[in-house]
There are 2 protein chains.
Amino acid sequence: MCAATQEPLRPLTSEEEAFMRTLVKVITTLPRAIDHDMTHDRQLPLVEYLTLMHLSEAPDRRLRMSALAEAADLSVSGMTRVVARLETQGLVKRVKCVNDGRGWNAVLTDDGYARLQTAWPSHLNAVRRRLIDHFDGVDLDEYTRVLQRVAGACSSR
Amino acid sequence: MCAATQEPLRPLTSEEEAFMRTLVKVITTLPRAIDHDMTHDRQLPLVEYLTLMHLSEAPDRRLRMSALAEAADLSVSGMTRVVARLETQGLVKRVKCVNDGRGWNAVLTDDGYARLQTAWPSHLNAVRRRLIDHFDGVDLDEYTRVLQRVAGACSSR
DNA sequence: TTTTATTGCTTGCCGAGACAAGTACCCCGG
DNA sequence: CCGGGGTACTTGTCTCGGCAAGCAATAAAA
C-alpha cells in the first residue's frame, strides 16, 4: 500500500530529473502566461474562455453542469461558480432540464458566442507564442500520444 | 499591441489542437495527482516538498526568501506563507541576514532534512507512476530542450 | 548629515476552487 | 401511493496564493 515500498527506489536519472523539473516550470508558468495574455488583451480569463469553448462545441451549445465541469477539469461546485460569473455577464444562461428536474443545462447565449469569437484571436496568439511556436521540427503526434498516457495515469487513483 | 492583429490568424492544425488540449489536461491533472499522492502518503504537499528540496540543494541549506520564491515559482508573499507553515512544523527556520538587515534566510532544519528524506520515496514514486513511466522509448533530452524554450517564452512579458 | 528613493519581506484583503453539507428531484420497492 | 436511497446541483466554509499597501532597513542624493 505504502508507495515507498512498492518499488526499489531507483532515483531518477539526470535526464529524467532535468525533464521533470523543466516540466514543472512549464506547468506553473504556461497557464499563468496564457491567462495573463488573455485577461489583459480581451478581459476573458482562461477558465472562462475554455468553458465557453466547450459549450460552443456541444450539440445545441448546451451541456449539463456536471459534463461541463468534467470537460473543463473542474469540480462541479467550481463550475457552478464559473457559470455564475458568466451568467452575470450574459454569456451563458442556465436552463432547467426537460427530462430531469434535478439537472440544469448551461447554454451559450448569442452574446457568449460572440464573446468567444472576439477572444479567440487572443487565445490563439497566446497559445502560439507561448507554446506551439517552440515545437518546430518535432513530431507533435508522438508528444500527444505520450501526454495522453500521462493524462490517463493522472485520472486514475 | 492588440494580439489579434499581430498575426494573420491562421488557426491551429488539428495536430496542434490535439496536442494543446492534451497538454492542458496534463497541466491541470498531473500536479493534482502528484500532490494527492504525496499528501495522502506522507502528509507533505507538493509545494512544501519542493520548497524543502530547493533549500536542501542550496549552499548551507539556506536561501533568501526572494530566491526561494523564485526557485519555487511562487510570489514572494506566497513564499512567506509557505515558510510560515513549514516553520510551525519546525522544518524550516527564519534567520536574519547578517549582511543585510532587511533580508531573511529560510534555513532547512535537521528535522526538515529528515522530513524531506522521508517524503522522497513517495515523491519519486508518484513522479514515476504518473509521469516518467510513460516516456519509454522517447528522446527525453529533446523534450527537455523544447520545454525549456517554452518555459523561457512564458517568463517573458 | 538629513532627506529621499529603493529594496526585502510581511500583512490585509480578495478571488478561485475544493470538499462537505444541504436541497430538490428522480426512481424503485413495497 | 408512499417512503427511502441515489443523483444533480448549490451553498457554506476553508485553504491557497496573488496583489497592493505597509514597514524596516539600505543606498543614493542633496
Side-chain angles (χ1 to χ4, degrees), chain A residues 24 27-29 31-40 43-51 62-89 92-107 154-155 157, chain B residues 24 27-29 31-40 43-51 62-89 92-107 154-155 157:
Chain A
V24 165
I27 282 177
T28 57
T29 307
R32 274 210 275 266
I34 293 183
D35 186 73
H36 175 273
D37 291 350
M38 296 185 61
T39 303
H40 285 74
Q43 310 298 331
L44 191 62
L46 184 56
V47 176
E48 271 84 344
Y49 177 86
L50 292 175
T51 301
R62 74 185 51 208
L63 235 32
R64 294 286 289 260
M65 293 299 294
S66 47
L68 188 53
E70 165 108 25
D73 281 310
L74 229 59
S75 69
V76 180
S77 71
M79 186 49 79
T80 293
R81 295 172 215 249
V82 172
V83 169
R85 295 199 292 272
L86 292 170
E87 203 170 25
T88 65
Q89 303 176 62
V92 157
K93 62 177 186 292
R94 263 178 284 209
V95 177
K96 207 156 192 167
C97 257
V98 271
N99 307 329
D100 186 343
R102 295 165 300 179
W104 291 83
N105 281 303
V107 186
C154 289
S155 32
R157 280 310 82 220
Chain B
V24 165
I27 282 178
T28 56
T29 306
R32 275 210 276 266
I34 294 183
D35 186 73
H36 175 274
D37 291 350
M38 295 185 63
T39 303
H40 285 74
Q43 308 299 331
L44 192 61
L46 184 57
V47 176
E48 270 84 343
Y49 177 86
L50 291 174
T51 301
R62 73 185 53 208
L63 234 34
R64 295 286 287 260
M65 292 300 294
S66 47
L68 188 52
E70 165 109 25
D73 281 309
L74 230 58
S75 68
V76 179
S77 69
M79 186 49 79
T80 294
R81 294 169 217 252
V82 172
V83 168
R85 295 200 291 272
L86 292 170
E87 202 169 26
T88 65
Q89 303 176 63
V92 156
K93 61 178 187 292
R94 262 179 285 210
V95 178
K96 206 157 192 165
C97 256
V98 271
N99 307 330
D100 186 343
R102 294 165 300 181
W104 291 82
N105 280 303
V107 187
C154 289
S155 32
R157 281 308 84 219

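Excluded from the calculations below are hydrogen atoms, water molecules and symmetry mates; all remaining heavy atoms, backbone and side chain alike, are included. Lettering follows sequence order; numbering is per chain, from 1.
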Rounded to whole Å, how long is the line connecting atom CG of B/Leu63 with atom P of C/dC9? 10 Å
Under 3.5 Å: donor-acceptor pair, side chain of A/Asp35, backbone of A/Leu46: yes
For DNA chain D, which nucleotides open and close the run of contacts to chain A, 5' to 3', at under 4.0 angstrom from a non-hydrogen atom? D/dG6 to D/dG18
Report the distance from atom CG of A/Leu44 to atom P of C/dA16, rounded to the nearest whole Å. 13 Å
What side-chain donor-acceptor pairs closer than 3.5 Å can you find for residues 94-103 of chain B, not counting sequence neighbours?
| from | atom 1 | to | atom 2 | distance (Å) |
| --- | --- | --- | --- | --- |
| B/Arg94 | NE | B/Glu87 | OE1 | 3.1 |
| B/Arg94 | NH2 | B/Glu87 | OE1 | 2.8 |
| B/Asp100 | OD1 | B/Arg102 | N | 3.0 |
| B/Asp100 | OD1 | B/Arg102 | NE | 3.0 |
| B/Asp100 | OD2 | B/Arg102 | NH2 | 2.9 |

Can you check the B/Arg94 CZ to C/dC9 P distance for me, whole Å? 11 Å
For B/Asp73, check side-chain contact (heavy atoms from CB on, under 4.5 Å) against everything at least two apart and list the hits. A/Lys25, A/Thr28, A/Thr29, A/Arg32
Could I get the full list of side chain to side chain donor-acceptor pair (under 3.5 Å) partners for B/Ser75, not counting sequence neighbours? B/Ser77
Hits for side-chain contact (heavy atoms from CB on, under 4.5 Å) against A/Ala33, two or more places apart or cross-chain, chain-then-number order -> A/Arg130, B/Cys154
Contacts of B/Leu44 meeting side-chain contact (heavy atoms from CB on, under 4.5 Å) (sequence neighbours excluded), chain-then-number -> B/Glu48, B/Tyr49, B/Leu52, B/Arg115, B/Ala119
Whole angstroms only, please: what is the CE-P distance between B/Met65 and C/dG8? 13 Å
Reckon A/Thr80 touches a base, only the sugar-phosphate, or nothing at all at heavy-atom distances under 4.0 Å? base
Taking all atoms of both residues into account, what is the closest heavy-atom pair of B/Thr39 and B/Pro45, and its distance? OG1-CA, 3.6 Å
Under 4.0 Å protein heavy-atom contacts per nucleotide of nucleotides 17-23 of chain C, with B for base, S for backbone only and - for none: SBBB---
Rounded to whole angstrom units, what separation is found between the CH2 atom of B/Trp104 and the C1' atom of C/dT11? 15 Å
Pairing residues for A/Ala71 by the side-chain contact (heavy atoms from CB on, under 4.5 Å) criterion, not counting sequence neighbours: A/His54
